[in-house]
Amino acid sequence: MLKPIRLLLVLAAAFAATSAEAQIVLVDKGKAKAHIQLASDNDVNRRAAGILQRFIRETSGAELPIRSNDKVQKNAVVIGESTSEARDDGFLLDCSNGQLHIKSAGGKGAIYGVCTLLENYVGMNYWSAGYYTLTPSSSIRIPSLHIAETPAFRYRQTQSYGCQDPVYYDWFRLAEPKEMFAGNLWVHTFDRLLPSSVYGKQHPEYYSFINGERRPGNHSQWCLTNPDIFEIVAHRVDSIFKANPGKTIMSVSQNDGNDTYCQCPECKKVNEYEGSPSGNFIRFLNRLAERFPDKQFSTRAYLFTMHPPKHVRPLPNVNIMLCYIDCKREVPLTDNASGRDFVKAMEGWSRISNNIFVWDYGINFDNVVAPFPNFHVLKKNINLFKRNHATMLFEQVNGTLGTDFAELRAYMLGKLMWNPALDEDSLMQTFMRHYYGAAAPYLYRYQQLLEGALLSSGTPLWIYDSPITHKNGMLNDNLCKVYNELFDNAEHAVLGDSTLTAHVQIARLPLRYSQLEIARTKPCGDKASIAAQLETFRTQCEQYNIPTLNERNNRPSDYCELYKKRFLPASAVSKAYGAKVIWNSRPAERYQPIADKALTDGLYGGTTYVESWVGWEGKDADFVLDMGEQKTFTSVSTDFLHQLGAWILLPKSVTYYYSDDNRTWSTLGTHEFPEDRDVSVKFVPGTVAAPTPVKARYIRVVVKTIGLCPSWHYGVGYPAWFFLDEVSVE
């Protein structure tokens, strides 16, 4: 268990002014000399006062009393007066004439003013959930000051696991949708507002026309030109706002899924006129904005709606939630083709709206416990958003403990979202010194090497990436050897300190995981050594309660058990190992370069479809394995990938046949797959066993697709993928 506090024994004089400089003495020789006074008694001011009282006490041993509704006296810390010198959660710190005023520009300004005071003038700082540092001092004096701060963005959100700690959440000036959005309706809300389970059967005309028919479903979109939908939705919106007094914004936004917008003749006419499906969405949102002029409506510019319409303009109270999920992230958005396409879209929206919410993705969702060296692009991208009228920003990162350098990434983003002018290298080094102690120089060197190796490799960094993609680049053998030496030195530097050791070992887990993933692609690897690495990874994930390896909640313990079975097997080699593949129905073109070998190379694919797996989109698979000679066997099994988020579903069935001449076939049997709606990534075998041994040289594999994605899936109405890898004959 991590220690919640680590006291840094540095001179208090570094943070406290001398008696001559002090405008107010909070504590003198362990005795309280001031009190905290609430300008008004509300939740925010009480929270601010509680934070100040707590950390003054932990720093000095003295407790400042909290008062309210008193006449302001000398030696008072007054919290919560209003100020016009800042805005949007901003604050003013004014210390003069023996009083300290922490004034608020609204929102949580009073809390953020307290946190700034503690950090800059008391020597206290927060680094991660439950982990902060103090500068012990028996005397605390605040100098004359007059400082106002306004955040760069009026709404700042991360998905950091650290937000479970309420002080951390306040310290980094973060927000959550439930605080602002009525009914917590903030993204992918179409099906919550117009449930397909209620309206789908009776009114399929309310939903998208895709590939020749109406397709109601919880991931289908609305037919936005249908005249009946607006009044139903407007009535629902009105009732939600009335049930949530004080809330003035709501998301009315497309369901998750790509290209699922309506393509009926009327919608298609609008889409063509506007040059983007976003036109239909903005027209609909504008009608809501006119109906409720005192409210704001947020809608996503995402996937098929990322680019703005040519003609219609969003009204001022329509908030554009702009998302760039498909971009690569090894360089700033301005510097690669995928990023430039997003920049084009963003610049287009900024020409027609000053109310933009950017949703930024900053981690590898398929492999969260894997290196993701994007620190060098954070500041540049955030400043790009700011220049293009973004007023709200969500950095989706670090949802769970164990994510690559989660604490550092969240720290830097929290600071930069408030003030994008800060120096990112200084932020990184400051954090590392306090969070990793004597190990900091080694981990800083690791990050620098990793970043340089990524950029020099020319390999893109993607949010659905695999470490295997980088095995000849930033994760090649020579570099991994250097990385491990740095981590060995880092662990040695903090030997004896269990808290700092935990910080270093958690930071090393992404490297350990990557090496395990790369090792399974090397058939001649040292299995004993790999097994030892796997056990170290399993033990440390268990020790530090690492909950998942990806956004689909696959647990490390399950991964390790499966690794033993799939990649370190004790069983005999498949009799189809190295068999020649004869194609009757080839896979999708992008997978054909590996298909001839991947199915019989003895190596199983992992949780990311971009490596080892062979895929078919909306078509059946049909191929023959030529084992070179007649062999005796009793079972055939094919490994299938289940990954709903990538539109990879299980097929209907797989049937196996056998032959001696590749002309006359006998049926071994068929394996039927039940429908599976579980979002976890899975490996599902399609196995058929004969009651008695059979002999054959050729094995034919026929896989029947389900065709189109079903109504409950993100890709409703579009071809479903299935992926398979190893075909084992035993």
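A side-chain donor-acceptor contact under 3.5 Å links N383 to the backbone of P420. At least one donor-acceptor pair under 3.5 Å links the side chain of N550 to the backbone N or O of N553. Side chain of H219 to backbone of D256: a donor-acceptor contact under 3.5 angstrom is found. Using a distance-only test at 3.5 Å, with no hydrogens or angles considered, no donor-acceptor pair links the side chain of S680 to the main chain of N554. Under the 3.5 Å distance criterion, the side-chain polar atoms of T638 are left unmatched by any main-chain donor or acceptor of V727. Checking side-chain atoms of R512 against main-chain N and O of T536 turns up no donor-acceptor pair under 3.5 Å. Checked by atom type and distance alone, the side chain of S426 never pairs as donor or acceptor with a backbone atom of D423 at under 3.5 Å.
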side-chain contact (heavy atoms from CB on, under 4.5 Å) between Y464 and E551: does it pass, once the steps are laid out? CA-CA 10 Å; Y464 295 107; E551 69 169 339; 3.6 Å; yes
Would you check, one step at a time, whether the test side chain to side chain donor-acceptor pair (under 3.5 Å) holds for Y132 with E58? CA-CA 11 Å; Y132 55 92; E58 292 189 22; 2.8 Å; yes
Give the C-alpha distance, both sets of side-chain angles, the deciding distance and a yes or no for side chain to side chain donor-acceptor pair (under 3.5 Å) between Y609 and Q643. CA-CA 8 Å; Y609 70 92; Q643 190 176 3; over 6 Å; no
Test log, rule side-chain contact (heavy atoms from CB on, under 4.5 Å), inputs M417 and T158: CA-CA 10 Å; M417 286 194 295; T158 70; 3.6 Å; yes
Going through the distances and angles, do D165 and Y126 end up as a side chain to side chain donor-acceptor pair (under 3.5 Å)? CA-CA 11 Å; D165 174 354; Y126 235 84; 2.7 Å; yes
Audit row: Y435, W127, ring-ring contact (aromatic ring centres under 6.0 Å, His included) steps and yes/no: CA-CA 7 Å; Y435 196 71; W127 307 105; 8.1 Å; no
Output, in order, the C-alpha distance, side-chain angles, deciding distance and verdict of ring-ring contact (aromatic ring centres under 6.0 Å, His included) for W418 and Y112. CA-CA 11 Å; W418 184 269; Y112 303 151; 5.7 Å; yes
Would you please test F723 and F640 for ring-ring contact (aromatic ring centres under 6.0 Å, His included) and show each step? CA-CA 6 Å; F723 278 75; F640 290 88; over 10 Å; no
W359/W186 under ring-ring contact (aromatic ring centres under 6.0 Å, His included): CA gap, chis, key distance, verdict: CA-CA 12 Å; W359 183 320; W186 85 289; 5.1 Å; yes
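Contact check for T403 versus V397: no side-chain heavy atoms found under the 4.5 Å cut-off. The shortest side-chain heavy-atom distance between S612 and I594 does not fall under the 4.5 Å cut-off. Between S160 and Y168, some side-chain heavy-atom pair lies under the 4.5 Å cut-off. Side-chain contact check for C560 versus F537: some heavy-atom pair is nearer than 4.5 Å. Considering only heavy atoms from C-beta on, S338 stays 4.5 Å or farther from D326 through its side chain.
At a cut-off of 3.5 Å, with distance as the only test, no side-chain donor of Q515 or Y483 sits close to an acceptor on the other residue. Side-chain N/O atoms of Q429 and D425 include a donor and acceptor closer than 3.5 Å. In the model, T539 has a side-chain atom that pairs as donor or acceptor with a side-chain atom of E535 under 3.5 Å. No side-chain donor from either of W613 and D639 sits under 3.5 Å from a side-chain acceptor of the other. Using modelled atom types and a 3.5 Å distance limit, the side chains of R677 and H713 yield no donor-acceptor pair. Using modelled atom types, one finds no donor on one side chain facing an acceptor on the other under 3.5 Å when comparing Y302 with N258. For the 3.5 Å distance criterion, the side chains of Y559 and E517 qualify, holding a donor opposite an acceptor. Under the 3.5 Å distance criterion, with hydrogens and angles disregarded, a donor-acceptor pair is assigned to the side chains of N336 and E330. A donor and an acceptor atom, one from each side chain of D465 and H470, are located under 3.5 Å apart. Of the N and O atoms on the side chains of N381 and R329, not one donor lies less than 3.5 Å from an acceptor on the other residue.
Taking the ring centre of Y563 as origin, the terminal cationic atom of R520 falls outside the region bounded by 6.0 Å and 45° from the ring axis. Geometrically, R566 engages F683 in a cation-pi contact, judged by NZ or CZ lying under 6.0 Å from the ring centre and within 45° of the ring axis.
Contact record, V331 with V377: C-CG1, 3.5 Å, taken as the closest heavy-atom pair. When all heavy atoms are compared, the tightest approach of Y513 to P467 is CE2-CG, 4.1 Å. Annotation for A490 and V504: closest pair CB-CG1, 3.9 Å, computed over non-hydrogen atoms. Shortest non-hydrogen contact noted between H376 and E424 is O-OE2, 4.5 Å. Between S466 and N364, the closest heavy-atom pair is N-ND2, 4.3 Å. The minimum heavy-atom distance linking D725 with A598 is given by the pair OD1-O, 2.9 Å.
Taking the centre of each ring, F673 and H642 stay at or above the 6.0 Å mark. Ring centroid separation for the pair Y131 and H503 comes in under the 6.0 Å cut-off.
Other residues, nucleotides and ligands contribute over 12 non-hydrogen atoms within 6.0 Å of the NZ atom of K328. Remark: R555 CZ is loosely packed, at most 12 non-hydrogen atoms of other residues, nucleotides or ligands lying under 6.0 Å away.
Between E491 and R508, at least one side-chain nitrogen of the basic residue sits less than 4.0 Å from a carboxylate oxygen of the acidic one, meeting the salt-bridge criterion. A salt bridge is absent between R156 and E176: the closest approach of a Lys/Arg side-chain nitrogen to an acidic carboxylate oxygen does not fall below 4.0 angstrom. For D366 and R552, the salt-bridge test fails: no basic side-chain N is under 4.0 Å from an acidic carboxylate O. Checked for salt-bridge contact, E542 and R538 meet the test: a charged N lies under 4.0 Å from a carboxylate O. Looking at K344 and D341, no side-chain N of the basic residue comes within less than 4.0 Å of a carboxylate O on the acidic one, giving no salt bridge.
Residue pairs meeting the salt bridge (Lys or Arg N to Asp or Glu O under 4.0 Å) criterion with at least one partner in residues 472-481, sequence neighbours excluded, are D477-K522.
By the ring-ring contact (aromatic ring centres under 6.0 Å, His included) test, Y442 is found to be paired with no residue, residues two or more places apart in sequence or in another chain being considered.
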